[in-house]
Amino acid sequence: MNDQYDIIKEGQTEDKELIILCGVCKTETTHIVLKSISHHYGNEAVDGRTEYQIVQCQGCKCPSFRDEGVFSEDWDPGTGPNVRVHIYPERSSQMLDLKHFYEIPPNLSQIYEEIIACFNQGNRILCAAGLRSLIEGICSVKGIKKGLVEYKDKSGKIIQKQDNGLWGKISGLSENGILTKNNAEFLNNFRFLGNDALHNLSAPSKEELRISIEIVEHILENIFEIEKKVERLKKHMDKRRIK
């Protein structure tokens with residue numbers, strides 16, 4: 001005798017209202033279940049149910065996918081069934097939004113997107129390594145291969161020299177007027193953060209990464225977006241002068 005069962009039903013929770021964190025509104029809002037499929041499965045020993053739903057925010061009208069499931073073997077004697085809920089695309093109040101840059105080179109854009117993905121998925125070491133790669137990429141795009149650096153020798157004497165490592169390249173960005181001195185110092189902090197992560201497998205905190213990403217976004221805006229906007233403005237001004 002076959003004691004297994006596998007039952008599919010549609011529409012059992014349609015029109016139901018749920019309070020869900022909206023990925024667009026960035027706050028909990030009322031969502032309506034547009035479509036639903038219920039899956040009830042098990043046998044004489046175990047029992048499980050999963051509800052699959054397409055839900056829609058009643059504020060921004062953005063749709064999401066949600067599943068809610070419970071399994072008889074996943075039971076806490078003190079609190080009862082452990083209900084597992086997943087929402088796609090994933091979202092939380094701690095996740096970063098991907099900013100849209102329209103003027104940066106595609107390779108840098110790809111690195112930036114992967115940095116945000118690593119941050120949101122909790123991959124802190126990879127996120128730090130990505131920040132270092134993005135800084136290297138900025139230097140490469142701008143043709144910066146070296147720069148003047150300062151350091152103290154064992155006696156405490158300040159030494160200056162040309163350096164072709166990342167430290168020198170970041171200084172070169174400042175020397176060529178691409179970055180301010182303060183922003184170059186910020187980037188050098190990221191260089192060390194990346195080194196620690198890669199060589200010592202030391203993961204920076206989420207807050208350190210969050211601040212680092214915000215500064216890098218500001219730098220990308222200044223170097224690429226503002227630069228292109230200034231170029232377009234000059235062209236318009238030149239046309240007006242010709243007229």
Reported [atom1]-to-[atom2] distance for the pair [X] and [Y], which is rounded to 0.5 angstrom:
{"X": "Ile135", "Y": "Asn188", "atom1": "CD1", "atom2": "CG", "value": "8.5 Å"}
{"X": "Leu21", "Y": "Met95", "atom1": "CG", "atom2": "CE", "value": "9.5 Å"}
{"X": "Asn164", "Y": "Lys146", "atom1": "CG", "atom2": "NZ", "value": "8.5 Å"}
{"X": "Glu208", "Y": "Arg124", "atom1": "CD", "atom2": "CZ", "value": "9.0 Å"}
{"X": "His39", "Y": "Ile8", "atom1": "NE2", "atom2": "CD1", "value": "4.0 Å"}
{"X": "Asn183", "Y": "Lys181", "atom1": "CG", "atom2": "NZ", "value": "13.0 Å"}

A side-chain contact here means heavy atoms from C-beta on lying under 4.5 Å apart; do [X] and [Y] qualify?
{"X": "Glu221", "Y": "Ile226", "value": "yes"}
{"X": "Ile20", "Y": "Glu28", "value": "no"}
{"X": "Ile213", "Y": "Ile116", "value": "yes"}
{"X": "Glu175", "Y": "Leu148", "value": "yes"}
{"X": "Leu108", "Y": "Phe224", "value": "yes"}
{"X": "Glu214", "Y": "Arg210", "value": "yes"}
{"X": "Thr29", "Y": "Thr27", "value": "yes"}
{"X": "Ile138", "Y": "Val141", "value": "no"}

field: Name of the residue among His86, Glu51, His31, Gln53 meeting side-chain hydrogen bond (donor to acceptor under 3.5 Å, both in side chains) with Arg66
entry: Gln53

Mark yes or no for whether [X], through its side chain, and [Y], through its backbone, hold a donor-acceptor pair below 3.5 Å.
{"X": "Asn43", "Y": "Ala45", "answer": "yes"}
{"X": "Asn120", "Y": "Leu96", "answer": "yes"}
{"X": "Asp153", "Y": "Gly156", "answer": "yes"}
{"X": "Gln56", "Y": "Val33", "answer": "no"}
{"X": "Ser109", "Y": "Pro105", "answer": "no"}
{"X": "Tyr112", "Y": "Lys99", "answer": "yes"}
{"X": "Lys206", "Y": "Phe119", "answer": "yes"}
{"X": "Ser36", "Y": "Thr13", "answer": "yes"}
{"X": "Gln110", "Y": "Asn107", "answer": "no"}
{"X": "Asn176", "Y": "Gly172", "answer": "yes"}

Would you say [Y] ends up clustered with [X] if hydrophobic residues are merged whenever their side chains have heavy atoms under 4.5 Å apart, either directly or through other cluster members?
{"X": "Ile211", "Y": "Ile115", "result": "yes"}
{"X": "Ile37", "Y": "Ile32", "result": "no"}
{"X": "Leu98", "Y": "Leu131", "result": "yes"}

Could you check whether [Y] and [X], counting side-chain N and O atoms only, form a donor-acceptor pair closer than 3.5 Å?
{"X": "Gln4", "Y": "Tyr41", "value": "no"}
{"X": "Thr180", "Y": "Asn182", "value": "no"}
{"X": "His40", "Y": "Asp47", "value": "yes"}

I need the minimum non-hydrogen distance between [X] and [Y], along with the two atoms involved.
{"X": "Ser171", "Y": "Val149", "result": "OG-CG1, 3.9 Å"}
{"X": "Ser64", "Y": "Ile87", "result": "CB-CG2, 4.3 Å"}
{"X": "Ile170", "Y": "Ala184", "result": "CG2-O, 3.2 Å"}
{"X": "Ile104", "Y": "Glu225", "result": "N-OE2, 3.7 Å"}
{"X": "Leu126", "Y": "Cys118", "result": "CB-SG, 3.7 Å"}
{"X": "Cys62", "Y": "Val24", "result": "SG-CG2, 3.8 Å"}

message: With a 6.0 Å cut-off (strictly less than), is the heavy-atom count around CD of Glu185, excluding the residue itself, greater than 12?
response: yes

field: Lys142, NZ: over 12 other non-hydrogen atoms inside 6.0 angstrom
entry: yes

Sidechain N-carboxylate O distance under 4.0 Å for Glu136, Lys169: yes

Salt bridge Asp97-Lys26, side-chain N to carboxylate O under 4.0 Å: yes

- request: Please lay out, stage by stage, how Lys152 and Ile159 fare under the test side-chain contact (heavy atoms from CB on, under 4.5 Å).
  value: CA-CA 6 Å; Lys152 290 182 180 181; Ile159 305 295; over 6 Å; no

- request: Just do the side-chain contact (heavy atoms from CB on, under 4.5 Å) check on Leu187 and Leu173 with the steps written out, would you?
  value: CA-CA 10 Å; Leu187 286 182; Leu173 288 172; 4.3 Å; yes

- request: Assess whether side-chain contact (heavy atoms from CB on, under 4.5 Å) is satisfied between Val55 and Leu34, documenting all intermediate values.
  value: CA-CA 6 Å; Val55 299; Leu34 301 180; over 6 Å; no

- request: Dump the intermediate steps for side-chain contact (heavy atoms from CB on, under 4.5 Å) on Leu220 and Leu134, then the final yes or no.
  value: CA-CA 10 Å; Leu220 289 172; Leu134 184 57; 4.2 Å; yes

